*Asks:* 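Take this structure first; my questions come after.
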Amino acid sequence: MRGPLVVIGDTLLDRDVEGVVNRLCPDSPVPVLDETTYADRPGGAGLAAVFAAAQGAGEVALVTALADDAGGARLSCLLSAAGVQVYALPLAGATAEKIRLRARGRVLLRHDRGGTAADPGPPSEAVLRLIAEASAVLVSDYGRGVARQPALRAALAATRAPVVWDPHPRGPAAVPGVTLATPNEAEVRDLTEVPPGSSRLATASRGAQGLRERWRAGAVAVTLGGDGALLCHAGATPLVVAAPVNAEGDTCGAGDRFASAASLALARGALVSEAVQEAVAEASAYVADGGVAAALPPEVRAAAPVPLGGGGERIGAAAAGAVVAEVRAAGGTVVATGGCFDLLHAGHVATLQAARQLGDCLIVCLNSDASVAGLKGPQRPVVPQGDRSRLLAALSCVDAVLVFDESTPDAVLSWLRPDIWVKGGDYATGGGDPASLPEAEALRRWGGHSVVVPYLDGRSTTDMIAAARGERPGAYRAAPTGAVRAAGAQRPTAEGAR
């Protein structure tokens, strides 16, 4: 594969709620589900991207729209845990959610929320370059607007990479010239006018041929559930690809598995017929092995949720999302910074005050206790994340605090998409080159910029802890008030404002 596998489409937040039913509601003859467990996962295009990454696609990039709400933050964390690079488009409104209430492996009810779909914002230049350099592109359309975005459609029409289009009845027509379209039987009936009374294969064949001509597609593969797929490509006779096993089970996500497998095969140079055969085998094995619950990578199943709130009105994903949405709606500049902020000191405050002056809000991305311990050892943090969050939120220069559990803030940054990312001048050994920041690659996805601000000399959390323990008496000696060290100046330690 010469470039990344790019997935484009609408991402939903799926939640499976498992429980037991042993009584009816007293005021209505409906079953009462007592929840025992729940599991979140990316749905729609996000699930297809997770499958592609798990199938060994190497670099997988997802171009999707994320809202400024807790659901968007959760999706970003789940996708990052799966190793998917998220290129997020702005999205007004709320994240679409599908909540399945289940008992004994069966779905009792599906609860959808998120409201009417909104048009996503335009892609960045980085997204357009990504599509041009892709080894293959999968458009996973769930009818919520990403596949309609004009700049994306123009880039898809211009790319030389094979394009797989997984359509939705409420979505737009495929871009002319796609390599392969992958509707299921129900979608074919909705998208084409097939005479009633035809056999199943005749309906699939006529529908596939009609879509192929209308969309000027190279090929159309109609998925037939447990019976495999019917491929209509060059020539009048379709190819029927039978499923290698007759699997029964949860088919949720099987279409996404089929489309991602076909895209990956085309990226590796397979013929369309070979790609469809691989996709049928993958989707059949997926259902036989237990469906989405068994197919999700362990990292996704174990991904910790982003705290919604608690500890103060300016703490958590809900608070941060509300601030960002308000600033963006007014055309303002979103600024973010991050760190452990263990034993808050004057150096921290100086950095935060300088960062706030660069825009219209400041979001602090705070390493959780688990994250700090992983970075600095089991003796840290000295101050737990709840107290650290409250101290930061109490500062007038901080608009919201968002706690993250990973070793880097990549997931929360992909959701927040700050215009400016700020680091203290001693973020490394004094080099202070913003282009070398570990977050620089993520910032390029949405056109964000990184800057380094000066810090107060002589302030160090490590030195404070050492002095308090008597290990290094006098280690923490503050420089005279107002003394700063510019980015790039040398100092003995890189701890500084961390």
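Along the sequence shown, residues are numbered consecutively beginning with 1. Since the model is a prediction, treat every value here as computed from it, not as a measurement.
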*Asks:* Please list, chain by chain and in numerical order, all residues satisfying side chain to side chain contact (heavy atoms under 4.5 Å, CB included) with Ala94, sequence neighbours excluded.
*Replies:*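 In terms of side chain to side chain contact (heavy atoms under 4.5 Å, CB included), with neighbours along the sequence ignored, Ala94 is linked to Asp69.
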*Asks:* Under 4.0 Å between a Lys/Arg side-chain N and an Asp/Glu carboxylate O for Arg148 and Asp141?
*Replies:*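 Here Arg148 does not pair with Asp141 in a salt bridge, since their nearest N and O are not under 4.0 Å apart.
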*Asks:* Is any side-chain heavy atom of Val127 closer than 4.5 Å to a side-chain heavy atom of Trp446?
*Replies:*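 Heavy-atom side-chain distance check fails, nothing below 4.5 Å.
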*Asks:* Could you report the tightest heavy-atom contact between Arg445 and Ser124, atom names first, then the distance?
*Replies:*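 So the minimum-distance heavy-atom pair works out to O-OG, 2.7 Å.
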*Asks:* Is it true that Glu406 and Ser80 share a donor-acceptor pair across their side chains at a distance under 3.5 Å?
*Replies:*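 Distance-only check fails for Ser80 and Glu406.
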*Asks:* Do Asp342 side-chain atoms and Val382 backbone N/O form a donor-acceptor pair below 3.5 Å?
*Replies:*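 Yes, Asp342 side chain to Val382 backbone: donor-acceptor pair under 3.5 Å.
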*Asks:* Once side-chain hydrogen bond (donor to acceptor under 3.5 Å, both in side chains) is applied, do any residues pair with Tyr142, and if so which ones, sequence neighbours excluded?
*Replies:*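 Only Asp256 meet the side-chain hydrogen bond (donor to acceptor under 3.5 Å, both in side chains) criterion with Tyr142.
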*Asks:* Testing the 3.5 Å rule here: is there a donor-acceptor pair between the side chains of Ser140 and Asp166?
*Replies:*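 No, Asp166 and Ser140 have no side-chain donor paired with an acceptor closer than 3.5 Å.
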*Asks:* Would you say that Arg444 contacts Glu441 through its side chain, given a criterion of any heavy-atom pair below 4.5 Å between the two side chains?
*Replies:*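 Side-chain contact under 4.5 Å: yes.
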*Asks:* For atom CD of Glu35, decide whether the heavy atoms of other residues, nucleotides or ligands shown that lie under 6.0 angstrom number more than 12.
*Replies:*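 It does: Glu35 CD has more than 12 such atoms within range.
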*Asks:* Does a salt bridge link Arg15 with Asp40, judged by any charged N lying under 4.0 Å from a carboxylate O?
*Replies:*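 Judged by the 4.0 Å cut-off on N to carboxylate O distance, Arg15 and Asp40 do form a salt bridge.
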*Asks:* Would a distance-only check, ignoring hydrogens and angles, find a side-chain to backbone donor-acceptor pair under 3.5 Å from Thr36 to Glu18?
*Replies:*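 Judged by distance alone, yes, a pair lies under 3.5 Å.
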*Asks:* Mind listing the closest non-hydrogen atom pair of Leu352 and Cys397 along with its distance?
*Replies:*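 Closest pair (atom of Leu352, atom of Cys397, distance): CB-SG, 3.8 Å.
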*Asks:* Of the non-hydrogen atoms in Ala155 and Leu128, which two are nearest, and what is the gap between them?
*Replies:*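 Residues Ala155 and Leu128, closest heavy atoms: CB-CD2, 3.9 Å.
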*Asks:* Taking the six-membered ring of Phe341, is NZ or CZ of Arg388 closer than 6.0 Å to its centre and within 45° of its axis?
*Replies:*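 Relative to the ring axis of Phe341, which defines the angle, Arg388 lies outside at least one limit.
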*Asks:* Going by salt bridge (charged side-chain N to carboxylate O under 4.0 Å, His left out), Asp14 matches just one of Arg100, Arg74, Arg102. Which one?
*Replies:*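 It is Arg100, the one option of Arg100, Arg74, Arg102 that forms the salt bridge (charged side-chain N to carboxylate O under 4.0 Å, His left out) with Asp14.
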*Asks:* Considering all heavy atoms of both residues, which atom of Arg153 and which atom of Ala147 are nearest to each other, and what is their separation?
*Replies:*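 Heavy atoms of Arg153 and Ala147 come nearest at NH1-O, 3.1 Å.
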*Asks:* So which atom in Asp399 and which in Arg314 form the shortest heavy-atom distance, rounded to 0.1 Å?
*Replies:*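 Smallest heavy-atom distance, with atoms named: O-CD, 3.3 Å.
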*Asks:* Where do Leu402 and Ala320 come nearest, in terms of heavy atoms and distance?
*Replies:*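 Scanning both residues, the minimum pair turns out to be CB-CB, 4.4 Å.
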*Asks:* Is there side-chain contact between Cys365 and Leu416, with at least one heavy-atom pair below 4.5 Å?
*Replies:*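 SC-SC contact between Cys365 and Leu416 confirmed.
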